[in-house]
Number of protein chains: 2
Amino acid sequence: MKAAPLPPAFADGVFAAGCPSRTVLDHVTSKWGVLILVALSEGEQRWSDLRRRAEGISEKMLAQTLKTLERDGLVSRDAQPVIPPRVDYSLTERGYELSALLVPLVAWAFDNADEIINGTGKAK
Amino acid sequence: MKAAPLPPAFADGVFAAGCPSRTVLDHVTSKWGVLILVALSEGEQRWSDLRRRAEGISEKMLAQTLKTLERDGLVSRDAQPVIPPRVDYSLTERGYELSALLVPLVAWAFDNADEIINGTGKAK
DNA sequence: CAGGATCCCCTAGGATACTG
DNA sequence: CAGTATCCTAGGGGATCCTG
């Protein structure tokens with residue numbers, strides 16, 4: 001099976017141990033990173049929305065993931081000074097760009113999950 | 001920022017705790033899974049090639065990653081009964097399909113890594 | 001409501017040595 | 001060459017309690 005590989009320009013760097021892309025990939029493809037990014041691709045959402053949306057996520061991990069993504073400039077945080085507090089999260093332009101790549105990946109995983117995990121038929 | 005979200009059909013399942021896609025995503029977006037898949041998108045490669053290519057990977061993790069991907073039907077293993085041993089790895093059709101989604105992601109990470117990590121300007 | 005702060009566990013992942 | 005077998009640890013990630 002031959003393929004559409006990485007442009008040769010990337011071929012060097014991407015596999016290098018010290019390449020910053022390693023870090024970015026780690027953040028972005030972390031257990032919850034993907035889900036949060038994809039969830040936000042549907043538009044601005046509140047903390048509690050995300051908490052319920054990404055079923056199974058702990059408060060700690062939601063906070064941590066959000067903070068990392070914010071530092072990376074992928075997610076923007078809008079805290080409103082009201083009581084009770086209200087904080088909305090949304091994608092930055094760059095985050096949106098990324099989510100456009102992530103959404104097809106997640107959709108693919110969803111489509112193929114059954115066959116991959118349960119070996120339900122080889123057809124495709 | 002509004003977006004091209006997941007088709008509503010996926011919206012439910014993907015975020016559910018028990019969804020098999022969680023497992024698939026974990027395998028595929030694992031630290032080394034992405035790199036191996038992308039490396040193989042360039043064509044069949046030997047164990048030792050991959051070991052050198054994915055700079056920093058340990059033998060243990062290479063073996064483990066390859067085995068998981070093989071079980072998932074994404075990578076196929078071709079062991080030739082010669083001395084010294086020679087084993088080639090390549091993508092299955094499904095793995096190839098997946099790599100087509102992964103390659104742009106890695107390329108994006110590579111392009112944006114510097115600005116994300118070092119905050120080198122906001123321009124794009 | 002939206003988190004911080006703590007404590008703790010588990011396992012992904014590294015290092016090293018050995019083998020068919 | 002292409003792995004397995006062991007041992008070991010950093011930190012990803014969960015549970016719980018606290019607060020502006």
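Naming: A, B, ... by sequence-line order, numbering from 1 per chain. As the structure is a prediction and not an experimental result, all values here were calculated from the model. Atom set for the values below is all heavy atoms of this structure, side chains included, hydrogens, waters and symmetry mates excluded.
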Between P of C/dA2 and CG of A/Asp78, the distance in whole Å: 12 Å
Sequence neighbours excluded, the answer for salt bridge (charged side-chain N to carboxylate O under 4.0 Å, His left out) partners of A/Arg77 is none
Rounded to 10°, the helix from C/dC1-D/dG20 to C/dG20-D/dC1 deviates from straight, judged by its five-pair end axes, by 60°
How would you list, by chain and number, every residue that makes a salt bridge (charged side-chain N to carboxylate O under 4.0 Å, His left out) with A/Arg46, sequence neighbours excluded? none
Please enumerate all residues that pass salt bridge (charged side-chain N to carboxylate O under 4.0 Å, His left out) together with B/Glu55, with sequence neighbours excluded. none
Listed partners of A/Asp88 passing side-chain hydrogen bond (donor to acceptor under 3.5 Å, both in side chains), at least two apart: A/Gln80, A/Arg86
Does C/dA2 have its OP1 or OP2 closer than 4.0 Å to a side-chain nitrogen or oxygen of A/Arg77? no
Quick one: salt bridge (charged side-chain N to carboxylate O under 4.0 Å, His left out) partners of A/Asp78, sequence neighbours excluded? none
Hey, does the side chain of A/Arg86 come within less than 4.0 Å of C/dA2's phosphate (OP1/OP2), counting only N and O? no
Please list, chain by chain and in numerical order, all residues satisfying side-chain contact (heavy atoms from CB on, under 4.5 Å) with A/Leu101, sequence neighbours excluded. B/Pro104, B/Leu105, B/Trp108
Who are the side-chain hydrogen bond (donor to acceptor under 3.5 Å, both in side chains) partners of B/Ser76, not counting sequence neighbours? B/Ser90
Rounded distance (Å) that lies between atom P of C/dC1 and atom CG of A/Asp49: 11 Å
Show me the pairs that pass side chain to side chain donor-acceptor pair (under 3.5 Å) and involve residues 62-71 of chain A, at least two apart or across chains. none
From CD of A/Gln64 across to C1' of C/dG4 the rounded distance in Å is 12 Å
Filter on side chain to side chain donor-acceptor pair (under 3.5 Å), then keep only pairs touching residues 13-28 of chain B, sequence neighbours left out; what's left? B/His27-B/Asp72
To the nearest 0.5 Å, how far apart are CG in B/Leu50 and CD1 in B/Ile57? 8.0 Å
Using side-chain contact (heavy atoms from CB on, under 4.5 Å), reason through A/Val28 and A/Leu102 one step at a time and then give a plain yes or no. CA-CA 9 Å; A/Val28 155; A/Leu102 254 22; 4.2 Å; yes
Can you tabulate the close N/O pairs, meaning under 3.5 Å, that link protein atoms to atoms of nucleotides 14-20 of chain C?
from   : atom 1 : to      : atom 2 : distance (Å)
C/dG14 : OP1    : B/Lys31 : NZ     : 3.2
C/dG14 : OP2    : B/Trp32 : NE1    : 3.4
C/dG14 : O6     : B/Lys60 : NZ     : 2.6

Taking any atom closer than 4.0 angstrom to a non-hydrogen atom of chain A, what span of DNA chain D does the protein reach, first nucleotide to last? D/dG13 to D/dG20
